[in-house]
Amino acid sequence: MITEVDLTDRLKSITGLFLNALTERDTDFVADISVKTSSKMEINSGGRTFFLSYMLAIVIPKNFPVDLPKTYDCSKKVNKRFDHVNPGGSLCLATDIDLRLRLQQGDPLRKYFEIVVQYLTEFEYWSETGRYPVLPRSHGASGVVESYQELLKVDNLSIIRKLVKCIPVKSSYRNLQCPCGSGVKFKYCHYESLEAMGATGSIRKQIRADLETSLL
């Protein structure tokens, strides 16, 4: 569980993030944050640098990264025309499975802030051009399906279900044929991808939830 002292120290150590206040509640903290940083985006025509200046409220669960934070734009710059704001007003940063997989690539809090900065940079680009710099995920269940299609390089939903139901994969599966139907042994096909996806309990729990809600 995250403590107030630990969270304060970790937030203050992140470059470009300025902690204005931290409020503790029963199950989470609300961090009032100023973001003032430059962010470079690589686009087909070359790089673009944006200066970001935002006021955010980030609700950080005490059991983070088991439960995911929610981020709100208190500066009211991100408008709903951007199409990536959740119904409750939080920023739609990514699908939950995409978020969880990215958070395990380093310090989760720093990674989360990197994801927020990337989102704000993409919004700045959209505000100037009216275009998305990269093709965004669809909303709702469709976006979750797209996440798994990209992760597994499989389009067929029934095959995706067969694959993720193998998580956590066992070493005894390695010489079996891959459930994707390729005719190739598991160890030469989807074994490593599924092993990485099932690396933590929180990701496995997310996959089970997606199987029951989005991957139908």
Side-chain angles (χ1 to χ4, degrees), residues 11 14 16-17 28 31 33 35 37 39-43 50 52 54 56-61 63-75 77-127 131-155 157 160 163-164 167 193-194 196-216:
L11 289 172
I14 300 175
L17 183 154
D28 56 34
I33 288 169
V35 175
T37 189
S39 177
K40 187 174 182 179
M41 173 183 290
E42 297 296 333
I43 314 168
F50 296 91
L52 308 178
Y54 287 83
L56 304 177
I58 304 182
V59 180
I60 305 171
N63 66 347
F64 173 76
V66 175
D67 288 336
L68 297 172
K70 291 184 179 180
T71 297
Y72 299 84
D73 172 30
C74 300
S75 51
K77 292 183 180 180
V78 181
N79 57 62
K80 291 186 177 180
R81 289 193 301 111
F82 183 51
D83 206 32
H84 286 279
V85 179
N86 292 316
S90 62
L91 305 183
C92 182
L93 304 175
T95 62
D96 286 352
I97 188 63
D98 283 342
L99 277 175
R100 291 189 185 282
L101 289 169
R102 289 182 64 181
L103 291 179
Q104 73 172 1
Q105 296 171 6
D107 176 73
L109 198 60
R110 288 181 181 275
K111 279 294 176 184
Y112 186 81
F113 183 61
E114 289 176 10
I115 294 167
V116 171
V117 167
Q118 179 183 346
Y119 174 98
L120 297 175
T121 305
E122 291 177 358
F123 170 72
E124 291 284 337
Y125 179 84
W126 176 87
S127 295
R131 302 190 306 273
Y132 292 102
V134 293
L135 184 66
R137 298 267 191 245
S138 301
H139 290 291
S142 296
V144 177
V145 171
E146 289 165 7
S147 291
Y148 285 92
Q149 288 173 328
E150 183 176 317
L151 287 165
L152 297 170
K153 297 179 175 56
V154 171
D155 291 330
L157 183 54
I160 290 172
L163 287 168
V164 297
I167 295 174
S193 298
L194 296 175
M197 288 174 65
T200 68
S202 59
I203 295 177
R204 293 194 295 271
K205 183 178 178 181
Q206 183 65 57
I207 291 170
R208 289 195 297 271
D210 290 339
L211 275 169
E212 293 175 0
T213 56
S214 301
L215 303 176
L216 299 175

Value for CG (D155) from CD (E150), rounded to nearest 0.5 Å, stands at 11.5 Å
Could you tell me the separation between the CG atom of D96 and the CG atom of L101, rounded to the nearest 0.5 Å?
-> 11.0 Å
Output side-chain donor-acceptor pairs under 3.5 Å for residues 207-216, partner residues at least two apart or in another chain, one line each.
unit_1	atom_1	unit_2	atom_2	d
D210	OD1	Q206	NE2	3.1
D210	OD2	Y148	OH	2.7
T213	OG1	A209	O	2.8

Heavy-atom closest pair (M41 atom, P133 atom, distance to 0.1 Å) is SD-CB, 3.5 Å
Among side-chain atoms of Y125 and R131, is any donor-acceptor pair under 3.5 angstrom?
-> yes
Atom of P69, atom of I58 and distance for their closest heavy-atom approach | CB-CG2, 4.1 Å
If you take all heavy atoms of S75 and Y54, which pair is closest and at what distance?
-> OG-CD2, 3.5 Å
Heavy-atom nearest pair, Q104 first then A196, reads NE2-O, 3.6 Å
Do the side chain of R100 and the main chain of V66 share a donor and acceptor less than 3.5 angstrom apart?
-> yes
ring-ring contact (aromatic ring centres under 6.0 Å, His included) partners for F82, two or more places apart | H84, Y119, F123, W126, Y132
Under 4.5 Å between any side-chain heavy atoms of L120 and F50, yes or no?
-> no
Hey, are the side chains of D83 and H139 touching, using non-hydrogen atoms and a 4.5 Å cut-off?
-> yes
Closest non-hydrogen atom pair, L103 against P108 | CD2-O, 3.3 Å
Value rounded to 0.5 Å, distance of CD in E146 from CD1 in I97 = 14.5 Å
Looking at side-chain heavy atoms only, is the closest gap between N86 and K70 below 4.5 Å?
-> no
Any T37 side-chain heavy atom under 4.5 Å of L17 side chain | no
Are the side chain of D73 and the backbone of V78 linked by a donor-acceptor contact shorter than 3.5 Å?
-> yes
Between the side chains of E114 and Q118, is a donor N or O closer than 3.5 angstrom to an acceptor N or O?
-> no
How close do L99 and A94 get, heavy atom to heavy atom, and via which atoms?
-> CG-CB, 3.9 Å
Euclidean distance, M197 CE relative to L151 CG, rounded to 0.5 Å = 5.0 Å
Between N79 (side chain) and R81 (backbone), is there a donor-acceptor pair under 3.5 Å?
-> yes
Close side-chain approach of L68 and Y112, heavy atoms under 4.5 Å = no
Side-chain (Q105) to main-chain (K111) donor-acceptor, under 3.5 angstrom | no
d(K40 NZ, T121 OG1) to nearest 0.5 Å is 12.5 Å
Can you check whether D28 reaches F64 side chain to side chain, under 4.5 Å on heavy atoms?
-> no
Can you tell me how far the CD1 atom of I33 sits from the OG1 atom of T71, to the nearest 0.5 Å?
-> 7.5 Å
